[in-house]
Structure formats: structure tokens, C-alpha cells
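All remarks here apply to the structure that follows.
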Amino acid sequence: MRFVVHARDSVDSTQTEAQRLATRGAPEGTVVIARHQRAGRGQRGHGWWDDPGDSLLASLLLRPSAPPATAPQLSLMAGLAVADALETVGVDARIRWPNDVLVRERKVCGILAEASSGRAAGGGHRAGDVHHVILGIGINLNQTRFPAALADRATSLRLVTGRVHDRDAILAALLAQIGSRYTTWLAAGFRSLRSDWLAHSLLPGQIVRLPDGTLGAGEDVRDDGVLLARVADGRLVPVVSGRSVEEAPAHVAGG
Ligand code: BTN
């Protein structure tokens with residue numbers, strides 16, 4: 001897979017910039033990175049704060065020919081690729097379902113997957129297929145401290161390894177892993193990534209909040225990427241959306 005990286009100094013959000021490029025027909029493999037985001041976006045409408053120059057802030061445009069229901073699998077794939085990339089610099093990271101990446105129980109990376117579906121103009125996609133997916137990945141590289149709201153649940157590669165990390169080297173490792181995992185996913189679906197994903201995850205045992213507000217214990221993920229959680233009455237229920245309860249309700253960023 002070929003990547004073309006657009007490096008910016010300061011942007012509103014690399015997601016928004018990638019979206020603008022996607023609308024103008026940018027090809028799969030387009031990547032936007034920035035030193036700083038003025039309006040970084042996190043999950044569920046939250047912001048994503050950064051100290052300029054201390055993070056890897058990247059958005060990657062994919063154009064899979066696949067039904068929209070499969071798009072969440074790409075955010076699982078991205079979490080696995082981040083864990084793979086961190087392994088190359090000696091960091092043992094775990095994925096907290098669906099896609100936070102943690103080191104020693106603190107968040108080192110957040111992922112935001114935004115999908116758009118519909119008929120692509122001349123894009124060769126079937127009607128109803130995903131038009132494009134933008135994977136937004138924020139990795140804490142060289143922070144030595146975080147804002148008070150994040151201090152007890154965020155970490156950086158520098159804090160866990162004791163050395164400074166080069167953004168471009170981490171980006172290269174990340175793109176290599178995404179290229180490889182995405183190619184596998186295109187050929188054989190999430191089922192081909194499932195055992196590696198599980199091996200890098202906090203399952204079984206991760207406590208998740210289900211869409212109805214109750215809690216469950218995550219046990220497994222299915223071949224289609226759906227979480228299976230054990231609920232109070234002993235049933236194993238599929239969870240397509242929901243959240244980990246370890247997440248704080250209002251995080252600004254980095255954690
Ligand atoms: C989360 O809330 O955990 C997801 C955070 C995603 C942050 C990344 S940084 C690069 C890209 N641009 C954004 O505005 N957000 C994502």
C-alpha cells in the first residue's frame with residue numbers, strides 16, 4: 001500500500017483536513033499529520049488536546065470496498081497496528097476495547113474512526129458501500145507531564161521508556177503495520193486478525209458499559225469484530241457499541 005503524507009504545522013484537526021482532501025478525491029493512503037491541532041477531536045464529541053510537537057497526530061484515508069457495517073472493524077485493526085508499531089520500539093501495549101491503546105493501564109493512544117458511506121462518484125464502489133474511512137490516531141510521544149485532568153490516566157512513550165521518540169520514525173512504523181494489517185483485512189476480514197487482536201487486548205475481563213447503561217464483562221470478540229460481554233444474569237450478549245468504564249466521562253485529550 002502506498003502512503004502519501006501531507007505534513008502540516010498547525011491545523012484545526014487532521015481529521016477535518018483529511019476529510020477536505022477526501023472530498024477533493026484524494027486516494028487511499030493519503031495521510032495528514034500535524035505538529036499541533038487547534039481543534040483536535042476525540043471520541044463521542046470530546047476534544048483532543050495536545051502540546052505542540054509532543055504527539056503523533058495523524059489521519060489516514062482508506063477507501064475499502066466494503067459494507068458500512070464492517071467499518072468498526074477498521075478501528076479495531078488500527079488499535080492492533082498501533083500496538084504492533086509500539087512493540088517495534090520495545091513498548092508492550094494493550095488494547096482496551098474497542099480501540100484505546102494502554103501501557104500499564106494508562107492511555108498512550110486514542111483512535112477516532114470516521115466513516116462515510118454512499119455511492120462514490122466514479123470511485124468504483126458498489127452503492128451502499130463505505131465511501132471512505134478516516135482513521136485518526138493520536139499517540140502521546142514525548143510528554144513528561146499532562147494537564148491535571150489527565151495526569152492519572154495518560155502516559156507517553158517517553159514516560160514509559162525513558163527516552164525521546166522521533167515522530168517520523170513512529171509514523172513510519174505505524175504506516176508499515178497499518179499497511180500490512182489492512183491488506184490482511186481486505187483479503188480475509190477481521191477473522192484473520194482476531195487472534196492477534198485478542199492477544200493484544202485486555203479481554204477477557206475488561207468491564208464495559210453496555211448501550212443500555214448496565215455493565216458487562218467483555219469475554220471475546222467475534223469474527224465480525226462484535227464484542228461478546230457477560231451480563232449480570234449470565235447471558236453472553238453481543239455489543240456493537242458501548243464503552244469501557246475505565247474511561248473518564250469527560251476527557252480532553254491524551255488520556
Ligand atoms: C479518543 O478520544 O480516544 C480518540 C482521539 C483521537 C485523536 C486523533 S489525533 C489525530 C486525529 N485528529 C483528531 O482531531 N483526532 C484524531
Side-chain angles (χ1 to χ4, degrees), residues 3 5-22 26 30-62 71-72 74-83 85-86 93-103 105-116 132-143 146-147 149-150 152-157 165 167-168 170-171 174-175 178 201-202 206 208-209 241-255:
F3 295 102
V5 178
H6 300 251
R8 309 278 194 253
D9 185 49
S10 169
V11 288
D12 43 4
S13 156
T14 56
Q15 289 295 98
T16 312
E17 180 69 0
Q19 178 63 54
R20 285 190 282 263
L21 295 174
T30 297
V31 180
V32 177
I33 60 169
R35 257 187 88 251
H36 172 54
Q37 297 184 126
R38 299 182 299 276
R41 300 211 303 273
Q43 296 158 7
R44 295 178 302 284
H46 294 301
W48 185 259
W49 164 91
D50 69 87
D51 251 342
D54 274 348
S55 308
L56 172 60
L57 306 165
S59 294
L60 167 63
L61 173 63
L62 299 177
L74 287 172
S75 77
L76 301 182
M77 181 281 291
L80 178 58
V82 170
L86 298 190
R94 287 283 167 275
I95 307 163
R96 181 171 66 193
W97 183 86
N99 57 18
D100 289 336
V101 181
L102 277 66
V103 179
E105 299 178 10
R106 288 172 183 243
K107 187 159 160 177
V108 74
C109 167
I111 295 171
L112 178 67
E114 297 181 310
S116 127
H132 65 252
V133 174
I134 298 174
L135 292 178
I137 300 175
I139 302 180
N140 300 330
L141 298 178
N142 292 318
Q143 292 89 343
F146 288 90
L150 303 173
D152 61 347
R153 57 203 164 84
T155 194
S156 69
L157 296 185
H165 289 266
R167 182 189 69 168
D168 292 345
I170 300 290
L171 175 65
L174 176 65
L175 295 182
I178 287 182
S201 79
L202 293 173
Q206 181 193 328
V208 294
R209 190 172 297 284
S241 66
R243 72 172 72 163
S244 150
V245 295
E246 294 93 338
E247 280 178 64
H251 61 271
V252 275

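We count ligands from 1, going down the list as the structure has it; atoms in each ligand are counted the same way. For reference, positions follow the sequence shown, starting with 1.
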Looking only at heavy atoms, is any part of [X] under 4.0 Å from ligand 1, and if so is it the side chain, the backbone, or both, or is it neither?
X: Ile137; value: backbone
X: Lys107; value: side chain
X: Arg44; value: neither

Quiz question: by atom type and distance under 3.5 Å, do the side chains of Ser10 and Arg35 form a donor-acceptor pair?
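Distance-only check fails for Ser10 and Arg35.
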
Regarding Arg96 and Ser201, is there a side-chain donor-to-acceptor distance under 3.5 Å anywhere?
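Not at all, the side chains of Arg96 and Ser201 share no donor-acceptor pair under 3.5 Å.
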
Atoms of ligand 1, numbered as shown, that sit under 4.0 Å from any heavy atom of [X]:
X: Gly138; result: 8 (C), 9 (S)
X: Ala58; result: 10 (C), 11 (C)
X: Gly40; result: 14 (O)
X: Ser13; result: 12 (N), 13 (C), 14 (O)
X: Ile111; result: 3 (O), 4 (C)
X: Gln37; result: 9 (S), 10 (C), 11 (C), 12 (N), 13 (C), 14 (O)
X: Thr14; result: 10 (C), 11 (C), 12 (N)

Quick check against the 3.5 Å criterion: does [X] have a side-chain atom that pairs as donor or acceptor with the backbone of [Y]?
X: Gln43; Y: Ile111; result: yes
X: Asn140; Y: Leu157; result: no
X: Gln15; Y: Gly136; result: yes
X: Gln143; Y: Leu141; result: yes
X: Gln37; Y: Asp50; result: no

Any heavy atom of His46 sitting closer than 4.0 Å to ligand 1?
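The answer is no, since His46 has no heavy atom less than 4.0 Å from ligand 1.
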
Sub-4.5 Å side-chain heavy-atom contact between Leu102 and Arg153
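Of all side-chain heavy-atom pairs linking Arg153 with Leu102, none is under 4.5 Å.
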
